[in-house]
Number of protein chains: 2
Amino acid sequence: MAARMSDPLAPQSVGVDKLLLKLRVRDDVSALEEEVLRSIIEPPVAIASRSVVVKEGIPLERSALLVQGMLGRCKDMRDGQRQITEVHVPGDFADLHSFTLKRLDQDVVALNDCWISWVPHAALRAVTDTQPHLGRLLWLSTNLDAAIHRAWTVSLGRRDAPARLAHLLCELQVRLSVVGMADEDGYALPLTQVDLAECLGLTAVHVNRVLRQLREQGLATFRSGRVTIEDFKGLRRLAEFSTDYLFLDKRPR
Amino acid sequence: MAARMSDPLAPQSVGVDKLLLKLRVRDDVSALEEEVLRSIIEPPVAIASRSVVVKEGIPLERSALLVQGMLGRCKDMRDGQRQITEVHVPGDFADLHSFTLKRLDQDVVALNDCWISWVPHAALRAVTDTQPHLGRLLWLSTNLDAAIHRAWTVSLGRRDAPARLAHLLCELQVRLSVVGMADEDGYALPLTQVDLAECLGLTAVHVNRVLRQLREQGLATFRSGRVTIEDFKGLRRLAEFSTDYLFLDKRPR
DNA sequence: TGGCAAACTTAACCTAGGGCAATCTCATTC
DNA sequence: GAATGAGATTGCCCTAGGTTAAGTTTGCCA
């Protein structure tokens with residue numbers, strides 16, 4: 001499997017590094033805590049595009065830290081429709097909530113070729129026992145996921161298709177920036193238009209129409225796996241996007 | 001304010017009791033842990049219907065345990081539209097995520113007259129420092145909220161209006177049962193049709209149409225603040241509802 | 001007990017986005 | 001370098017749900 005992957009070299013520690021980038025935007029992480037984190041994270045393993053990393057309902061003893069690529073949380077409906085409820089970027093734990101819940105309510109699927117690092121729940125339990133502040137930081141990271149879920153709920157409930165797409169493009173721009181994977185111009189987005197549709201509660205055909213709209217309005221272009229942001233201000237305005245829900249600062253404690 | 005409320009008697013400890021019911025469905029809570037929980041929860045205070053309990057963005061030092069009534073997490077849009085991203089029932093912490101995030105990304109609003117108990121973040125910090133298992137249980141309860149968010153995302157993205165409404169009615173039936181506030185027949189639901197619309201990403205007019213549909217199909221009736229479930233099986237089938245995402249069991253640890 | 005105001009209900013019309021099918025593009029493989 | 005297949009694109013038609021605008025019912029308070 002790994003032989004077919006575009007980047008066959010396992011990224012050694014970038015997973016933890018990106019996790020640390022993500023956490024340190026929100027709070028201080030001491031050298032000791034960093035050491036502890038590094039010690040509980042297993043070496044990365046390769047995951048083939050489109051494979052199911054974690055299946056809904058199965059009892060779990062570990063959680064997956066995404067090192068490279070993108071993962072989605074997917075719910076399949078009876079009629080074959082699918083909804084993606086979150087897109088994970090490197091540095092995210094895709095299923096840290098399974099540490100408390102012991103299984104998942106939805107599948108975690110690789111949206112492209114990925115590298116992930118497993119973290120045993122036993123080690124996480126030890127962290128919450130002996131490093132309460134670090135434990136609270138991990139708790140925080142699951143609460144960030146929840147905040148993202150709420151933002152998606154708002155999008156699906158109250159934004160029309162162009163605003164919804166623009167909101168997703170803005171969100172990914174910001175989340176990828178945090179882990180150093182986006183610049184002002186845009187970012188690599190290894191999804192298909194079908195995937196986007198499954199994030200946005202739309203059909204692939206309509207996503208295609210709306211992508212063209214954004215392109216023709218000079219806001220953003222999505223082509224061959226790359227999002228080019230032409231007018232971030234305009235995109236933000238269209239989406240009514242604010243970074244508040246991503247908690248990009250350290251608050252007084 | 002309290003003078004105008006329908007039930008002027010402060011329910012003394014039912015908030016903690018319902019929280020314990022909720023937690024004990026998911027895991028064991030020792031007598032000591034119960035004692036600790038009771039000790040950190042302040043006496044209930046009355047909240048008038050429609051008032052904002054917690055405003056988005058404000059730095060917070062405490063979280064609200066809902067004792068009686070219902071709360072909603074609301075996002076207001078520029079154009080006056082509003083999306084509710086979760087409905088809280090007694091025994092829920094409405095904003096426990098603010099313990100790690102230090103503020104909210106959305107307002108918490110009283111959907112009717114409520115009683116809530118505040119819990120200081122300092123006390124929660126002490127719990128995570130000295131009672132790691134109890135700390136993990138509180139973490140779990142925020143992860144339950146996230147699972148509910150994901151279920152709503154799926155509803156908004158992939159279910160049509162009747163299925164979406166049916167799904168919400170099923171969810172509340174189950175969540176209220178856990179805290180002893182629903183029976184086989186149904187439950188009190190102190191929301192307006194506008195509130196339902198704001199949960200479901202629909203207009204109030206369409207909610208009204210769909211309520212009639214469910215009534216005429218003999219599935220459920222919502223009238224004068226009460227949901228009567230006439231055919232739970234049928235409602236479940238229509239909604240493609242499963243209780244899996246509510247994690248109603250204790251898993252091996 | 002009557003007068004409001006909020007909530008609910010219904011109808012007529014309209015539109016954003018879905019459904020379906022054909023075509024196009026391009027990368028991969030033999 | 002032809003065959004293949006996944007993804008992207010476009011057009012046409014249609015429906016679920018929105019919009020607007022009346023009513024009607026209900027509960028509250030003077």
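Here is how names work: the chains are called A, B, and so on, in the same order as the sequence lines, proteins then strands, and each is numbered from 1. This structure is a prediction, so every number in the text was calculated from the model and none was measured.
A salt bridge links B/E56 to B/K75: at least one charged side-chain nitrogen sits closer than 4.0 Å to a carboxylate oxygen. Between B/R150 and A/D105, at least one side-chain N (NZ, or NE/NH1/NH2) sits under 4.0 Å from a carboxylate O, which counts as a salt bridge.
Rounded to whole angstrom, the span from the CG atom of A/N112 across to the P atom of D/dA6 amounts to 18 Å. Residue A/L156 contributes atom CG, which lies 11 Å from atom P of C/dG18 at whole-angstrom precision. The interatomic distance linking A/L165 (CG) with C/dA16 (P) rounds to 17 Å, in whole Å. At whole-Å resolution of the value, CG in B/L202 and P in D/dG18 are 5 Å apart. To the nearest angstrom, P of C/dT15 lies 17 Å from CZ of A/R209.
Across C/dA21, C/dA7, D/dG17, the shortest atom-to-atom separation from the side chain of A/V205 is found for C/dA21. Distance from the side chain of B/Q193 is smallest to C/dT9 among D/dG18, C/dG18, C/dT9. Checking D/dG18, C/dG18, D/dA8 against the side-chain heavy atoms of B/H206 singles out D/dG18 as nearest.
Judged by distance alone, with hydrogens and angles left aside, the side-chain atoms of A/N143 form no donor-acceptor pair with the main-chain N or O of A/A146 at under 3.5 Å.
Note on B/R164: every side-chain N or O is 4.0 Å or more away from OP1 and OP2 of D/dA16. A/R212 has no side-chain polar atom (N or O) that falls below the 4.0 Å cut-off from OP1 or OP2 of D/dA8.
Residue contacts shown for B/G201 are limited to sugar-phosphate atoms, with no base heavy atom under 4.0 Å away. Looking at heavy-atom distances under 4.0 Å, A/R223 makes contact with sugar-phosphate atoms alone, never a base.
No more than 12 heavy-atom neighbours from other residues, nucleotides or ligands sit within 6.0 angstrom of CD on A/E184. Crowding of A/R226 atom CZ: a count of heavy atoms from other residues, nucleotides or ligands under 6.0 Å exceeding 12.
Place A/R158 and A/N208 on DNA chain D by their nearest nucleotides, and A/N208 ends up nearer the 5' end. Nearest-nucleotide positions on DNA chain D place A/L191 closer to the 5' end than the other of A/L191 and B/R159.
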